[in-house]
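Input: a single structure, listed below in structure tokens.
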Amino acid sequence: MSFENILVENKDHLGIITINRPKKLNALNIATINELHEAFKALDADAAIKTIIITGSGEKAFVAGADISEFAHFSVEEGEHLARNGQEQLFDFVQNLGTPVIAAVNGFALGGGLELAMASHFRVASDNAKMGLPEVSLGVIPGYGGTQRLAQLVGKGRAMELVMTAGMISAEEAKNYGLVNHVTSQEELLPLAEKLASKIARNSSVAIRAAIKAINDNFTDGVNGYETEISEFGNCFGTEDFKEGTTAFLEKRKADFPGK
Ligand code: COA
């Protein structure tokens, strides 16, 4: 696969996607969103890939938001289409991906950048990172799921304040909010994400896929996550991974999961 706005690297069981528009602080234009969709889809379809890391190129930004120059003259209909299409193509797509996605937030994660990090399954950040949803300062609101996911992750009051003030929080504050799991230096950020990815890779990818669905269903309207958990739990008993995992435990050896 070759792309104009992103880099994709396969490293053992890991797929690393780097958004690569550093001169525009990796702002998400429509072309980048489409490329990200294709890259996530291809990595998810590759059984050898156990985890995906998403990060930004350069030392300044993860993603400084949706590309403002692209939508500044949009109509009401075009604005709605932008949000709907973006949510379907990228943000909901990433959230519901069966392959775990870790966002390595290496600098500014603003607007669509924070929304992409929040759509990922969890986040780690470098100590220079700054996060916020500044859309109301442009006369618009977050449109890629930010009003929903920020409130889920940090609580309604904090989400209201961050959105209304269009403020930015530091990586440390984001950790205190529960928005990111770990904070480290910029040099240690990718190694940390890779270490977490290698821990994930030791486990059953089939079970992880089921767990992602069950956890997500807690936040899906009209769906009972407990019911999802019961049926996904049951499904696990029919997998080769379950046979291997339980047999390996009883034989006192490390499991070698076939991923089926
Ligand atoms: N969309 C389009 N271009 C963007 C962008 C965005 N969201 N964020 C940054 N850029 C571009 C700038 O226009 C500039 O391009 P130029 O060199 O051609 O003029 C380049 O990236 C560098 O940004 P600059 O503003 O000069 O860097 P800075 O260090 O002074 O400020 C930020 C960094 C992140 C504070 C500032 O770029 C910013 O506020 N960006 C917009 C954030 C935002 O509102 N995001 C939500 C969008 S919905």
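Order of appearance sets the numbers: ligands from 1, and atoms from 1 within every ligand.
A donor atom on one side chain and an acceptor atom on the other are not found under 3.5 Å apart for S126 and N106. No donor-acceptor contact under 3.5 angstrom links the side chains of N20 and T18, judged on distance only.
Distance alone, capped at 3.5 Å, places no donor-acceptor pair between the R149 side chain and the A119 backbone.
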Please tabulate, line by line, the atom pairs linking an N/O of ligand 1 to a protein N/O at a distance below 3.5 Å, with the distance in Å to 0.1, or answer 'none'.
| unit_1 | atom_1 | unit_2 | atom_2 | d |
| --- | --- | --- | --- | --- |
| ligand 1 | 1 (N) | A66 | O | 3.4 |
| ligand 1 | 1 (N) | I68 | N | 2.9 |
| ligand 1 | 7 (N) | A64 | O | 3.1 |
| ligand 1 | 7 (N) | A66 | O | 2.9 |
| ligand 1 | 15 (O) | K24 | NZ | 3.4 |
| ligand 1 | 18 (O) | K24 | NZ | 2.6 |
| ligand 1 | 21 (O) | K23 | O | 3.4 |
| ligand 1 | 29 (O) | K60 | NZ | 2.5 |
| ligand 1 | 45 (N) | A64 | O | 3.0 |

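Taking H81 as the reference, nothing meets the ring pair (Phe, Tyr, Trp, His ring centres under 6.0 Å) condition, with sequence neighbours excluded.
Closest non-hydrogen pair, A104 versus L189, comes out as C-CD2, 3.8 Å.
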Decide salt bridge (Lys or Arg N to Asp or Glu O under 4.0 Å) for R209 and E232; before the verdict, give the C-alpha distance in whole Å, the side-chain angles of both, and the deciding distance to 0.1 Å.
CA-CA 10 Å; R209 199 167 275 266; E232 291 293 335; over 6 Å; no
